Protein chains: 2
Amino acid sequence: MDAAKADAGLIQSRYRLTRQRAAVLRVLQADGGHLDAEEIHERAKEELSSLGLATIYRTLDLLRELGLVQMVQYPNAAARYEARLDKHHHLLCTRCHELSDVEAPHLDELVGQIAAGVGFEPRDFKLQVSGLCRRCRNDRG
Amino acid sequence: MDAAKADAGLIQSRYRLTRQRAAVLRVLQADGGHLDAEEIHERAKEELSSLGLATIYRTLDLLRELGLVQMVQYPNAAARYEARLDKHHHLLCTRCHELSDVEAPHLDELVGQIAAGVGFEPRDFKLQVSGLCRRCRNDRG
DNA sequence: GTCCGTGCAAAGCGTTTGCACTGTC
DNA sequence: GACAGTGCAAACGCTTTGCACGGAC
């Protein structure tokens with residue numbers, strides 16, 4: 001995949017592209033979901049059994065710094081990571097705890113307006129919505 | 001203050017209004033800001049020196065359950081609590097780490113639309129914006 | 001040979017829990 | 001006297017760190 005190669009190149013431009021780092025990135029890009037450090041560790045170990053959890057955390061920091069992964073943090077839960085790069089937001093189902101992605105087309109402007117009103121210069125923002133996902137809603141309100 | 005009395009009444013309706021609980025609520029209502037458990041502990045101890053940190057956490061859970069306080073959670077930081085009850089959102093300055101409040105008038109509708117688009121039933125949502133506050137922006141971008 | 005990256009284990013931090021005690025009804 | 005509420009200390013879960021080793025330049 002071209003994207004994967006580009007990402008590998010980005011890592012190499014500033015750091016060594018080790019087997020460990022490649023494995024973590026591969027896991028995140030393959031899954032497309034929202035994995036926590038331990039889940040990433042499990043999966044990456046299938047490929048590189050000696051891999052330690054500390055390396056996962058260090059690699060995730062690095063990938064975040066390079067802008068290759070994003071982190072989502074919800075209360076009372078481990079941080080979750082995703083390779084998805086485009087601007088998007090999260091819907092958390094309070095029943096099945098599934099996290100899904102949505103785009104919010106006009107939110108940028110709205111945030112810009114809100115921030116401008118109080119002299120704040122926004123650099124990034126996250127919308128986190130909790131409620132019931134389609135499935136849980138049908139299963140039983 | 002009437003509001004304080006009403007809140008005390010709400011606690012009493014389901015739990016005992018102990019000196020510890022009153023102290024925590026008083027601290028939060030007096031400050032109006034965003035304090036973490038340890039800060040609340042410090043301040044409440046001025047009033048009740050024997051107070052333990054575990055009680056602070058237990059009380060905050062209870063006040064949250066009663067809807068008297070809200071919690072804000074940012075990555076790599078202790079949870080912060082505030083007595084403010086109306087719907088609002090947060091601006092976090094990445095330079096001075098100050099957290100400030102804003103209202104987002106038309107956000108409800110937008111969130112409703114976004115969620116409806118994917119069959120999600122929103123129950124609550126939070127917008128968290130990071131960037132530079134007015135002061136830090138002037139001090140030096 | 002230097003230095004970056006790693007694995008392991010230990011430490012760190014905010015938070016929660018177990019338990020015996022206390023005060024209120 | 002029952003029981004909700006408390007303080008203390010220990011345990012918890014996620015994450016970070018110290019340190020000695022290993023491998024790439």
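Since we're looking at a predicted model, the values are computed, not measured.
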Student: Does any residue of residues 11-23 of chain B have a heavy atom under 4.0 Å from DNA chain C, and if so, which ones, in number order?
Tutor: B:R16
Student: Less than 4.0 angstrom between a side-chain N/O of A:T55 and OP1 or OP2 of C:dT6, yes or no?
Tutor: no
Student: Could you state the atom-to-atom distance from CG of B:L51 to P of C:dG23 in whole Å?
Tutor: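 Answer to the nearest Å: 15 Å.
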Student: Counting any heavy atom closer than 4.0 Å, what does A:A79 reach on the DNA or RNA strands: base, sugar-phosphate only, or nothing?
Tutor: sugar-phosphate
Student: So what does A:A54 touch, heavy atoms closer than 4.0 Å: a base, only the sugar-phosphate, or nothing?
Tutor: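 Base, at least one base heavy atom under 4.0 Å.
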Student: Closest approach to the side chain of A:E38, judged atom by atom: which nucleotide of C:dC8, C:dT17, D:dC14 is it?
Tutor: D:dC14
Student: Starting the side chain at C-beta, find the nucleotide from D:dC8, D:dT16, C:dT15 nearest to B:A37.
Tutor: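 That would be C:dT15.
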Student: Under a 3.5 Å threshold, yes or no: a donor from one side chain and an acceptor from the other, between B:D101 and B:H90?
Tutor: yes
Student: Please state how far atom CG in B:L48 lies from atom C1' in D:dT6, giving the value in whole angstrom units.
Tutor: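 About 10 Å, once rounded to whole Å.
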Student: Would you indicate whether the side-chain heavy atoms of B:L127 and B:V111 approach each other to under 4.5 Å?
Tutor: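 Side chain of B:V111 against side chain of B:L127, heavy atoms only: no contact under 4.5 Å found.
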Student: Could you give the CZ-to-P distance, from B:R58 to C:dT17, as a whole number of Å?
Tutor: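 Spelled out: CZ on B:R58 to P on C:dT17 is 10 Å.
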Student: Rounded off to whole Å, could you give me the CZ-to-P distance for the B:R80 and C:dG14 pair?
Tutor: 10 Å
Student: For the pair B:E65 and B:R14, find out whether any cationic side-chain nitrogen is under 4.0 Å from an anionic carboxylate oxygen.
Tutor: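 Looking at B:R14 together with B:E65, the answer is yes, because their closest N to O distance falls below 4.0 Å.
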Student: Could you check how far CG of A:L62 sits from C1' of C:dG5, rounded to whole Å?
Tutor: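 To the nearest whole Å, that distance equals 10 Å.
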Student: Give a yes or no answer on whether the side chain of A:E39 reaches the backbone of A:D36 with a donor-acceptor pair at less than 3.5 Å.
Tutor: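 Such a contact is found between A:E39 side chain and A:D36 backbone.
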Student: Can we call the ring centroids of A:H97 and A:Y74 under 6.0 Å apart?
Tutor: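 No: the rings miss the under 6.0 Å criterion.
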Student: What is the distance from CE of B:M71 to P of C:dG14, rounded to the nearest Å?
Tutor: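 From B:M71 CE to C:dG14 P: 15 Å.
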Student: Tell me whether B:R64 at atom CZ has more than 12 heavy atoms from other residues, nucleotides or ligands lying less than 6.0 Å away.
Tutor: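 Result for CZ/B:R64: enclosed.
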Student: On DNA chain C, nearest-nucleotide positions of A:L53 versus B:L53: which is more 5'?
Tutor: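 Nearest-nucleotide comparison on DNA chain C picks A:L53.
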Student: Ignoring hydrogens and angles, tell me if any N or O in the side chain of B:H34 forms a donor-acceptor pair with the backbone of B:A79 under 3.5 Å.
Tutor: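 No: the side chain of B:H34 does not pair with the backbone of B:A79.
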Student: Once you round it to whole Å, what is the distance between C1' of D:dG13 and CD of A:E39?
Tutor: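 Rounded to whole Å, this separation is 15 Å.
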Student: From NE2 of A:H41 over to C1' of D:dC14, roughly how many Å is that when rounded to an integer?
Tutor: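 Interatomic distance, NE2 of A:H41 to C1' of D:dC14: 14 Å.
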Student: So, does A:Y57 get its side chain near the phosphate of D:dT15, meaning an N or O under 4.0 Å from OP1 or OP2?
Tutor: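 Yes, within the criterion.
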